[in-house]
Amino acid sequence: SYDLDLSNKGLDGNTVNAILRGFRANGIAIRSLNLRGNFVNKAQDFHDLTSSAPDLESLNLSNNGIEDFYAGSGPDDSAA
């Protein structure tokens, strides 16, 4: 299994999960994933992570706007 650092790449949850599914389809297990400084902040993103990377032991989600999104200042807040 491998450690994958995708920090500060500006990725959203859909993109991250597509990358992880690609690794999994090729028999590559991800043990540690650093997603610091991206935009993985929706409930569906977290749900998909569990199936896209079932061998995951360590996950860094700092600075993904999770706190801001759920405090009402997320990207969808302006549409209200």
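Source: prediction; values computed, not measured.
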Notebook entry, point to check: Do F39 and F46 sit in the same hydrophobic cluster, where Ile, Leu, Val, Met, Phe, Trp and Tyr count as joined when their side-chain heavy atoms come under 4.5 Å apart?
Noted result: no
Checklist line | Pairing residues for S7 by the side chain to side chain donor-acceptor pair (under 3.5 Å) criterion, not counting sequence neighbours | finding: D5
Margin query: So, taking the atom named CG in L6 and the one named CG in N34, what distance separates them when rounded to the nearest 0.5 Å?
Written below: 8.0 Å
Next item on the list: State the CD1-CG distance between I66 and D45, to the nearest 0.5 angstrom.
Entry: 9.0 Å
Item checked: CG on L35 to CG on N8, rounded to 0.5 Å -> 10.5 Å
Checklist line | Backbone N/O of S62 and side chain of N60: donor-acceptor pair under 3.5 Å | finding: yes
Notebook entry, point to check: Which pairs count as side-chain hydrogen bond (donor to acceptor under 3.5 Å, both in side chains) when at least one residue sits in residues 11-23, sequence neighbours excluded?
Noted result: D12-T15, N17-S52
Margin query: Could you go through V40 and L11, starting from their C-alpha distance and side-chain angles, then the distance that decides it, and tell me whether this counts as side-chain contact (heavy atoms from CB on, under 4.5 Å)?
Written below: CA-CA 7 Å; V40 182; L11 304 173; 5.7 Å; no
Item checked: Main-chain N/O of N64 paired with N41 side-chain donor or acceptor, under 3.5 Å -> yes
Item checked: R31 with D3: basic N within carboxylate O range, under 4.0 Å -> yes
Note to self: Would the distance check show the side chain of R24 and the main-chain N or O of P54 forming a donor-acceptor pair, the cut-off being under 3.5 Å?
What the structure shows: no
Item checked: Under the side chain to side chain donor-acceptor pair (under 3.5 Å) test, residues paired with D48 that sit two or more places apart -> Q44
Margin query: Does any part of the side chain of L56, heavy atoms only, come nearer than 4.5 Å to the side chain of I30, both counted from C-beta?
Written below: yes
Next item on the list: State, to 0.1 Å, how close G10 and N38 come at their nearest heavy-atom pair, and which atoms those are.
Entry: N-OD1, 2.9 Å
Margin query: Quick one, L49 and L20 - any side-chain contact, counting heavy atoms below 4.5 Å?
Written below: yes
